[in-house]
Amino acid sequence: MAMEKFDKLEVRKITVSAAIEKTGSLSDKLKAKIHEAKTLAEVEDIYLPYKAKRKTRASEARNKGLQPLADMLMGKTTLPFTAQDVESMGPVEAAKKMSSSCPEV
């Protein structure tokens, strides 16, 4: 029974180390901290800040580079043109200018 717990602990340490390394955040100090952990709970506590968060539609949109568009729609950033610009250039030209300022999906 004790050997089984030890094996689970060692496997989890390796898994956690690999997952943190994948994010590029694994330092020698963190690696040592994981290695020195005596329980699964300690390993999980160390891993918690690096653990991948739940995947949402918003996080997927951010990953696809749509954050600037969302910021514009929510009024956090300004549009690349004014209402007078739209009147002078026409809606088609304004749409082209808008799409050129947003990332490709």
Side-chain angles (χ1 to χ4, degrees):
M1 188 70 151
M3 191 62 162
E4 187 177 306
K5 275 188 174 181
F6 178 77
D7 288 343
K8 282 184 180 180
L9 177 62
E10 290 305 309
V11 167
R12 189 63 183 150
K13 286 180 181 181
I14 292 168
T15 305
V16 166
S17 294
I20 296 173
E21 186 172 28
K22 198 174 182 181
T23 67
S25 302
L26 187 63
S27 64
D28 291 336
K29 186 177 177 182
L30 185 56
K31 191 182 252 185
K33 197 172 180 181
I34 293 168
H35 181 71
E36 293 167 5
K38 303 272 188 255
T39 65
L40 278 174
E42 284 180 63
V43 174
E44 293 304 322
D45 288 344
I46 294 167
Y47 180 46
L48 194 60
Y50 305 96
K51 196 172 187 177
K53 309 300 184 262
R54 201 177 111 200
K55 203 181 265 190
T56 64
R57 289 183 194 168
S59 63
E60 285 297 305
R62 278 188 213 98
N63 290 341
K64 291 180 179 180
L66 295 174
Q67 187 65 49
L69 176 60
D71 290 342
M72 279 190 269
L73 293 172
M74 297 302 291
K76 292 180 181 177
T77 59
T78 58
L79 294 172
F81 49 84
T82 65
Q84 291 84 16
D85 293 336
V86 173
E87 288 177 12
S88 66
M89 72 175 92
V92 174
E93 234 3 85
K96 286 180 185 176
K97 190 172 184 178
M98 180 71 173
S99 66
S100 68
S101 66
C102 294
E104 288 289 320
V105 179

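If you're wondering where the values come from, they're calculated on a predicted model, not measured in any experiment.
Screening residues 32-43 for salt bridge (charged side-chain N to carboxylate O under 4.0 Å, His left out), with sequence neighbours left out, gives no hits.
Between the CG atom of D7 and the CG atom of L9 there is a distance of 9.5 Å, given to the nearest 0.5 Å. To the nearest 0.5 Å, atoms OG (S59) and CD (Q67) are separated by 11.0 Å.
The side-chain contact (heavy atoms from CB on, under 4.5 Å) test applied to A58 returns T56, R62, not counting sequence neighbours. Applying the salt bridge (Lys or Arg N to Asp or Glu O under 4.0 Å) criterion to K29, with sequence neighbours excluded, gives no partner residue.
Counting heavy-atom neighbours within 6.0 Å of N63 CG, excluding the residue itself, gives a total above 12.
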Table please: side-chain donor-acceptor pairs of residues 12-26 below 3.5 Å, with sequence neighbours left out.
residue: R12; atom: NE; partner: E44; partner atom: OE2; Å: 2.4
residue: R12; atom: NH2; partner: E44; partner atom: OE1; Å: 3.3
residue: R12; atom: NH2; partner: E44; partner atom: OE2; Å: 3.1
residue: K13; atom: NZ; partner: E10; partner atom: OE2; Å: 3.4
residue: K13; atom: NZ; partner: H35; partner atom: O; Å: 2.8
residue: K13; atom: NZ; partner: A37; partner atom: O; Å: 2.9
residue: T15; atom: OG1; partner: V11; partner atom: O; Å: 2.9
residue: S17; atom: OG; partner: K13; partner atom: O; Å: 2.9
residue: T23; atom: OG1; partner: I20; partner atom: O; Å: 2.6
residue: T23; atom: OG1; partner: S25; partner atom: OG; Å: 3.3

